[in-house]
Amino acid sequence: MPELPEVEVIRRELDPLIRGKTFSKPCLYVASTIAHPCAEEFTNRLQGRMVKKVDRKGKYLLIYLDCGILAVHLRMTGNLIYADYSEDTVPAEEYRFLRLSMPFTDQSALHYSDMRRFGRLWLVEDEDQLASVVLKNVGPDILKGLCCENFLMRLEKRKNARLKPLLLDQKFVAGMGNIYTDECLYRCGLHPLQKVSDLSNAEKEELYRQVRQVLEDGIEYGGTTFRDYRTSSGALGDFQSRLGVYGRKGDLCRCGAWIEKITVGGRGTYICPCCQKQPQYEGKE
DNA sequence: GCTTACCTGTCG
DNA sequence: CGACAGGTAAGC
């Protein structure tokens with residue numbers, strides 16, 4: 001479900017809600033939800049821990065505790081739900097796919113629900129373990145640790161890569177997913193199968209700008225709700241109304257051409273065939 | 001690289 | 001009924 005903007009919207013909402021709260025005993029309904037350590041150790045060690053802040057790297061939500069870090073990856077359909085029982089605002093529908101409940105010592109709780117069960121949580125001891133166990137294949141966060149020079153250097157090392165698979169590679173840069181990658185390339189007028197080596201310097205710099213801009217726009221509009229995405233208080237995103245190509249096969253582009261759907265790297269991919277020209281490569285393609 | 005696997009639901 | 005879904009890891 002979520003890409004960087006959705007996780008960031010959740011982070012901004014969740015941080016003031018749970019900062020300073022202390023976890024009581026969690027209740028785990030689906031053992032596979034916990035990636036590290038084992039289920040029993042996870043619940044034992046989370047109990048009694050106090051939330052210091054909620055952070056993020058790429059698509060990982062990082063809940064810093066007075067001792068250790070709770071990391072969450074929502075994958076496709078994961079949802080974090082904040083519930084305050086003195087207000088009772090969360091609709092029962094949100095609890096259909098409940099996998100883990102993490103109550104606080106007051107009358108509130110953080111729940112994890114996940115229809116497809118792909119999402120995972122980790123509880124690690126410190127930054128070192130976070131880096132080696134959770135974030136070992138995660139590159140710089142696009143909106144945090146990535147200046148233009150760094151981005152251009154990284155592109156230089158991946159000259160032969162095609163744009164869409166590269167942007168989706170979290171080790172290259174962290175945060176882009178299927179929706180925002182398509183939107184980004186559409187805005188740049190670049191075809192997803194284009195190779196890095198064919199870009200001009202100006203196009204590379206524009207790619208850097210748009211990679212960041214499309215994510216910032218997504219955050220500004222509260223994320224994209226295509227199906228399951230909700231913020232931690234159950235709100236829907238609004239960026240879906242501002243998408244240029246994603247999910248819009250058959251619609252008209254500004255230029256008057258029909259938006260098409262193709263497959264790139266096994267992912268459904270939306271393009272304007274007029275604004276994003278198919279690259280013509282010689283030989284074996 | 002590509003394919004498969006992990007899961008469950010929805011849409012055509 | 002098959003195809004597909006916002007993600008990633010593993011195995012050719």
Side-chain angles (χ1 to χ4, degrees), chain A residues 1-10 29-36 56-61 71-80 93-100 112-122 132-139 142 158-185 192-196 214-215 217-219 221-231 236-250 261-270 281 283-285:
Chain A
M1 166 186 24
E3 307 176 33
L4 186 151
E6 289 73 38
V7 180
E8 176 61 17
V9 170
I10 290 169
Y29 308 111
V30 175
S32 61
T33 301
I34 306 305
H36 179 92
R56 180 188 59 71
K57 181 167 184 185
K59 303 174 190 173
Y60 289 82
L61 194 77
V72 184
H73 196 304
L74 304 167
R75 293 283 182 97
M76 296 286 264
T77 55
N79 267 321
L80 279 170
E93 168 72 9
E94 304 291 325
Y95 295 114
R96 250 178 91 194
F97 307 106
L98 198 57
R99 308 301 181 206
L100 168 69
Y112 180 70
S113 91
D114 190 346
M115 183 181 80
R116 292 177 71 181
R117 305 189 185 198
F118 289 166
R120 293 289 181 269
L121 286 85
W122 298 253
S132 63
V133 174
V134 184
L135 303 177
K136 53 182 183 294
N137 291 318
V138 179
I142 295 166
R158 301 294 300 273
K159 274 182 187 278
N160 265 327
R162 296 175 192 268
L163 294 177
K164 174 156 180 173
L166 182 62
L167 292 176
L168 286 175
D169 180 351
Q170 301 299 298
K171 191 151 197 175
F172 175 63
V173 288
M176 299 293 278
N178 209 29
I179 294 178
Y180 293 95
T181 299
D182 283 4
E183 290 301 308
C184 172
L185 293 173
L193 288 173
Q194 186 104 22
K195 287 180 178 174
V196 171
V214 73
L215 296 178
D217 291 350
I219 294 168
Y221 286 93
T224 305
T225 299
F226 238 81
R227 300 183 171 75
D228 313 292
Y229 168 68
R230 302 284 121 89
T231 74
L236 306 184
D238 202 28
F239 195 66
Q240 60 277 11
S241 65
R242 318 197 73 83
L243 296 173
V245 281
Y246 189 88
R248 298 190 50 194
K249 178 183 174 185
K261 186 181 184 192
I262 61 175
T263 298
V264 175
R267 312 295 304 274
T269 299
Y270 297 88
Y281 295 116
K284 42 184 189 276
E285 283 301 325

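Bear in mind that the values here come from a model prediction, so they are computed numbers and not experimental data. Quick note on labels: first sequence line is chain A, next is B, and so on, each numbered from 1.
- One C1' atom belongs to B:dC6, the other to C:dC1, and the distance between them is 22 Å to the nearest Å.
- Rounded to a whole Å, the CG atom of A:D228 is 14 Å from the C1' atom of B:dC11.
- In this structure, of B:dT8, C:dT8, C:dG6, it is C:dT8 that holds the atom nearest to the side chain of A:K59.
- Considering only side-chain atoms of A:Y60, the nucleotide from C:dA5, B:dG9, C:dA9 that sits closest is C:dA9.
- In summary, A:R116 and A:D228 do not engage in a salt bridge, as defined by a charged side-chain N under 4.0 Å from a carboxylate O.
- Atom P of C:dA9 sits at a distance of 24 Å from the matching atom of B:dG9, rounded to the whole Å.
- Listed for the A:R242 side chain is no donor-acceptor partner under 3.5 Å among the backbone atoms of A:D238.
- Nearest to the side-chain atoms of A:M76 among the listed nucleotides C:dC4, B:dG9, C:dG7 stands C:dG7.
- A distance of 10.0 Å separates CG in A:D182 from NZ in A:K261, rounded to the nearest 0.5 Å.
- Across every strand in view, C:dG6 sits unpaired, with no contact that passes the Watson-Crick or G-U test at under 3.5 angstrom.
- Atom name P, nucleotides B:dC7 and C:dG11: the rounded distance is 16 Å, in whole Å.
- Along DNA chain B, the nucleotide closest to A:R227 and the one closest to A:R75 are compared, and the more 5′ of them pairs with A:R75.
- Taking atom OH of residue A:Y29 and atom C1' of nucleotide B:dT8, one finds them 20 Å apart after rounding to whole Å.
- Rounded to whole Å, atom P of C:dA3 lies 13 Å from atom NZ of A:K261.
- A:F97 comes within contact range of the sugar-phosphate backbone alone, with a heavy-atom separation under 4.0 Å but no base atom that close.
- Rounded to whole angstrom, the span from the CG atom of A:D114 across to the P atom of B:dT8 amounts to 10 Å.
- Using a 4.0 Å cut-off, no side-chain N or O of A:R120 falls inside it from OP1 or OP2 of C:dA9.
- Distance A:F172 CZ to C:dT8 C1': 18 Å, rounded to the nearest Å.
- When rounded to the nearest whole Å, the span between CE of A:M115 and C1' of B:dC11 equals 12 Å.
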Does A:L80 form a side chain to side chain contact (heavy atoms under 4.5 Å, CB included) with A:Y112? I'd like the steps, not just the answer. CA-CA 5 Å; A:L80 279 170; A:Y112 180 70; 4.1 Å; yes
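- Summarising the geometry, the separation between OH on A:Y270 and C1' on C:dC4 is reported as 9 Å, rounded to the nearest angstrom.
- Nearest nucleotide to the A:R116 side chain, out of C:dA5, C:dG6, C:dA9: C:dA5.
- Taking the ring centroids of A:Y180 and A:F239, they lie under the 6.0 Å cut-off.
- At a cut-off of 3.5 angstrom, the base of B:dC7 holds no donor-acceptor pair with the side chain of A:R117.
- Set against B:dT8, C:dA9, C:dG6, the side chain of A:R99 has B:dT8 as its closest nucleotide.
- Each of A:S32 and A:P165 was assigned the nucleotide of DNA chain B with the nearest heavy atom; the assignment lying further toward the 5' end belongs to A:P165.
- When Watson-Crick and G-U wobble pairs are counted only if both distances are under 3.5 Å, B:dG1 pairs with C:dC12.
- When atom types are taken as modelled, the side chain of A:R75 and the backbone of A:T77 share no donor-acceptor pair closer than 3.5 angstrom.
- Side chain of A:E3 to main chain of A:K59: no donor-acceptor pair is present (N/O by atom type, distance under 3.5 Å, no hydrogens or angles).
- Here C:dG7 is the nucleotide among B:dC7, C:dG6, C:dG7 with the atom lying nearest to any side-chain atom of A:H73.
- For the pair A:Q170 and C:dT8, the criterion of a side-chain N or O lying under 4.0 Å from OP1 or OP2 is met.
- Comparing B:dT8, B:dC7, C:dA9 by their closest approach to the side chain of A:N137 singles out C:dA9.
- A:G177 comes within contact range of the sugar-phosphate backbone alone, with a heavy-atom separation under 4.0 Å but no base atom that close.
- The CG atom of A:D182 sits 10 Å away from the P atom of C:dA5 (whole-angstrom rounding).
- Across all strands shown, A:G119 has no heavy atoms under 4.0 Å from either base or sugar-phosphate atoms.
- Rounded to whole Å, the separation between the P atoms of B:dT4 and C:dA3 comes to 12 Å.
- For C:dT8, the base is not stacked against the aromatic ring of A:F118, per a cut-off of 5.5 Å between centres and 30° between planes.
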